[in-house]
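As structure tokens, the structure follows; a few thoughts come after it.
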Amino acid sequence: MNQNNPDLIVIGGGPAGLTAAIYASRASINTLVIEGSPAGGQLTITSDVENFPGFPDGIKGPDFIAKSRQQALRFGAKFVEDNVVAVSGDATGGFVVTTQDNGGFNAKTIVVASGASARWVGLESEKRLIGKGVSACATCDGFFFKNKVVAVVGGGDSAMEEATFLTKFASKVYILVRGSKEQLRASKFMFQKAMNNPRIEFKFNSQIKEIVGETKVTGVVVTEAAGISKDYSLPDVEGVFVAIGHSPNTKFLQGFVDLDKLGYLDVKNNTLTSVEGVFAAGDAADHKYRQAVTAAGFGCMAALDAERFLTKLSDV
Ligand code: NDP
């Protein structure tokens, strides 16, 4: 077990975890952030963050994370770059957070801000162009595609929502659905809304095969698999939005706290999990808003609740 065990462990180094760490350390709580490895969360793969108040000229995702981290360090928070593999214990006896490479840490309370990860198709070209025209967040990056043609990959409600949102900027949005119209996963309402939008064109039975371009997107190649498979190109596409779902990073909590059917933390009264003394923040508990600013606000609430919990413990 590690020496210097903190009062509070924050699991996660994205906007939720870092905001929790800023609030807690500024309130003189001995705070350790286990920030994940690689550290920083989803913002480290975003290009510009233009919708976080206070940055009128926008800020690069990684810079935003670095500055927030610096702010937490200034108030005395400590950091470990590692992944949590398990959490155990309870409010009375304290908690143990076990990491992959640095062993276990004891704490009196925990804020879980481990985030979620976008699912990706898995293409080499997709990996190369993430942040350079390939994105998993229309709200974050749609603005950069004013009057351009983009493609959305996916056939669920997220894809319908992202595509509809993108028509505010893009001149045309293709939705690449790998299955047929009859098998579409999206709800009827969301589908109809997208269908009725004159800027959206559905391409069914269409699996994305390749995103063209070295440093920016200059088209996509799609395999159409209806009857005889054949490839076709959409050379006018300059942006690709992958909307095939998100997975919360909560595997290490299975059996310890209650998770909902999608694997997100089940919370009550804003930040309370099913285990007293364990608080939730950010995308690990939110599949609806998923924004840096909402995650940061959520992190603040969790830190305040953890602080109240610690005060109550010391009163006993
Ligand atoms: P879903 O799991 O519902 O849909 C994922 C989609 O991605 C499916 O069409 C799936 O195709 C497709 N897909 C998966 N892997 C690949 C791949 N490798 N290549 C191409 N396509 C792929 O995820 P969503 O994020 O859309 O939704 C998650 C949940 O959130 C749902 O319950 C949804 O209703 C909800 N939601 C609600 C919203 C709202 O009400 N406003 C908005 C967004 C989401 P296939 O069907 O062939 O497997």
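Order of appearance sets the numbers: ligands from 1, and atoms from 1 within every ligand. These numbers come from the heavy atoms of this one structure, side chains and all, not from hydrogens, waters or symmetry mates.
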Which residues, ordered by chain and number, are linked to Phe75 in its hydrophobic cluster, where ILVMFWY side chains connect at heavy-atom gaps below 4.5 Å, directly or through other members? Ile22
Select all protein residues for which some heavy-atom-to-ligand 1 distance is less than 4.0 Å, and list them by chain and number. Val153, Gly154, Gly155, Gly156, Asp157, Ser158, Glu161, Arg178, Arg185, Met190, Gln207, Ile244, Gly245
Give the table of side-chain donor-acceptor pairs shorter than 3.5 Å for residues 211-227, with sequence neighbours excluded, one pair per line with atom names and distance.
from: Thr218; atom 1: OG1; to: Val212; atom 2: O; distance (Å): 3.4
from: Thr223; atom 1: OG1; to: Asp231; atom 2: OD1; distance (Å): 2.9
from: Glu224; atom 1: OE1; to: Lys230; atom 2: NZ; distance (Å): 3.0

I'd like to check Leu129 versus Val240 (side-chain heavy atoms, cut-off strictly below 4.5 Å). Are they in contact? no
Quick check, are the ring centers of Phe298 and Tyr289 under 6.0 angstrom apart? no
Which residues share a side chain to side chain donor-acceptor pair (under 3.5 Å) with Lys108, sequence neighbours left out: Asp7
Separation between OH (Tyr264) and NZ (Lys288), nearest 0.5 Å, reads 13.5 Å
